[in-house]
Amino acid sequence: MGTSLGLRQATQISNFSRSATLKPVANLVQNVSAASDLVSALDAYESELISFSGTISGSFTSAGTGFESAMINTVGISGDSNFRLRLPATIREANDLASGCTIALGPTPMWRNAAQAQPSAWTGPDVEAISCTAPVVVSALAQSATPVLVTFSRLIDPASVEPGGGQFVFDNGLTASAAVVSGRTVTVTTSAQVLGQVYLVTVQNTVTDTLGSGIQSPNSAAFQGFEQAAQVLINEINANITSGCDLVELRVQSSGTMNGFQLWERNASVLTFAGLNVVAGDIVIVHFNGSSTLCSIDSPNETTSKSQYPSASFTKNYDTAWDWFSVDSGLTNTDNVITLYDMHGLIQDAVFLADDATGLAAATTETQAAAAAAMGEWEKVGGGIPPGGFIDDDFRAHAVLDLNGTSTSAVGVTIQRAGNTDTNTKADWGMAEHTWGLLNQ
């Protein structure tokens, strides 16, 4: 015999023989629901057959490879961290056991880990979920223009969900046409959602968990109509305007939201968009040094219309564009990379810029140039990347000129995209008279 983590066990067996089989062990089982000494007198209970009823009172955590454990309360023991239910993770998941579930355990041998009493299940029949806290709606999320993912606190019984989705009721004119269960989620197909519209889905209590308990409050959740990311290009730039009142113009290629989009100068964000939904053909103008009255005239960002803050009162604004303001003090006009990221951290567009065709480039410019090139957002005319990357002369040779050759005011010459082409090279760009708020010629 030996002892391992407090558990007495046979370490070697010899001269083994079996004298009988199929003998009932029911007379050996102790119901310990009311026992108060399962921890204090653990030596007297370990490895003996027990059964009890109790309520899980904490979260499950890892308890050895493939096993989990959680605190459990019985009539005899409550709130003792050394009294834990232990079972395979597969059994816990199959029974959807969680804090608040009342279970019947056994008959099963009393396990232990040092001073911790661990009544354990080993196979499915060892544990039965008698009752658990009723399921509730946790969240709802639009996955595209029609599917909505509704998440519940417990496993949902597929047989309780009508295939037509009639148990899922939406407001604001949205209707359900199908529902498919997968574990704790139900994917509900809806009529077309309106971009950015807030909806409420309410679930009827005829939807049940795998124990037959109906959905209880909270039985609803709000979500926003699917926000398709807009497709946007950088369109026009002037980094040479007096007082840092520089401008970057963006052009929307396809409709969607710009929520979470970020505009970067070199390797740092200078503006994050929020609450801005756009349609194809829209223009967005980013004004720099926006905290200065020389550049902004106290205009807030526009989110409801392109003339929300009209130029008649806010003289720096363009009524044909969405006007947004960055507190960044102005664009660098020697060497630069302007990058537009979407809400997923993917580059939608980038442009390399320089004031001369040769010379050094800043390390932060080169860092961002490498990031844009790695995502296929910039290359040499005709394709490819210089052997050493876009560094110094190789950066400037393949960048758009001329950062310090543009006008020093908002009117005059700017760096512009030539039409709608986007080959991710300097060939897409040129210098021309400004067209802020309008499509380039």
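Residue numbers start at 1 and run along the sequence shown. The model shown is predicted, which means the values in this text are computed figures rather than measured ones.
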Item to check | Lys306 and Asp323: CA distance, side-chain angles, deciding distance, salt bridge (Lys or Arg N to Asp or Glu O under 4.0 Å) verdict | outcome: CA-CA 7 Å; Lys306 293 188 284 290; Asp323 292 284; over 6 Å; no
Checklist entry - Less than 4.5 Å apart, any side-chain heavy atom of Gln228 and any of Ser255? => result no
Item to check | Trace of the side chain to side chain donor-acceptor pair (under 3.5 Å) decision for Asn205 with Asn219 | outcome: CA-CA 8 Å; Asn205 66 3; Asn219 64 336; over 6 Å; no
Checklist entry - CG of Leu247 to OG of Ser326: how many Å apart, nearest 0.5 Å? => result 11.5 Å
Checklist entry - Is the shortest heavy-atom distance from the side chain of Thr108 to the side chain of Leu49 under 4.5 Å? => result no
Item to check | Residues Asp422 and Arg417 bridged, charged N to O under 4.0 Å | outcome: yes
Next on the checklist: Within this structure, what is the OG1-CD distance for the pair Thr425 and Glu379, rounded to the nearest 0.5 Å?
Outcome noted: 7.0 Å
Next on the checklist: Nearest 0.5 angstrom please: Phe325 CZ to His287 NE2, how far?
Outcome noted: 4.0 Å
Checklist entry - What distance separates Met110 CE from Gln30 CD, expressed to the nearest 0.5 Å? => result 9.0 Å
Next on the checklist: Between the side chains of Arg396 and Asp355, is the shortest nitrogen-to-carboxylate-oxygen separation below 4.0 Å, so that they form an ion pair?
Outcome noted: yes
Checklist entry - Any Lys/Arg nitrogen of Asp209 or Arg184 sitting under 4.0 Å from an Asp/Glu carboxylate oxygen of the other? => result no
Item to check | Asp43/Arg112 ion pair, N-O < 4.0 Å | outcome: yes
Checklist entry - Taking atom types as modelled and ignoring hydrogens, do the side chains of Asp37 and Tyr45 form a donor-acceptor contact shorter than 3.5 angstrom? => result yes
Next on the checklist: Testing Phe223, Phe168, Phe170 one by one against Tyr199 for a ring pair (Phe, Tyr, Trp, His ring centres under 6.0 Å), which residue passes?
Outcome noted: Phe223
Next on the checklist: Applying the ring pair (Phe, Tyr, Trp, His ring centres under 6.0 Å) criterion to Tyr341, which one of Phe261, Phe273, Trp264 satisfies it?
Outcome noted: Trp264
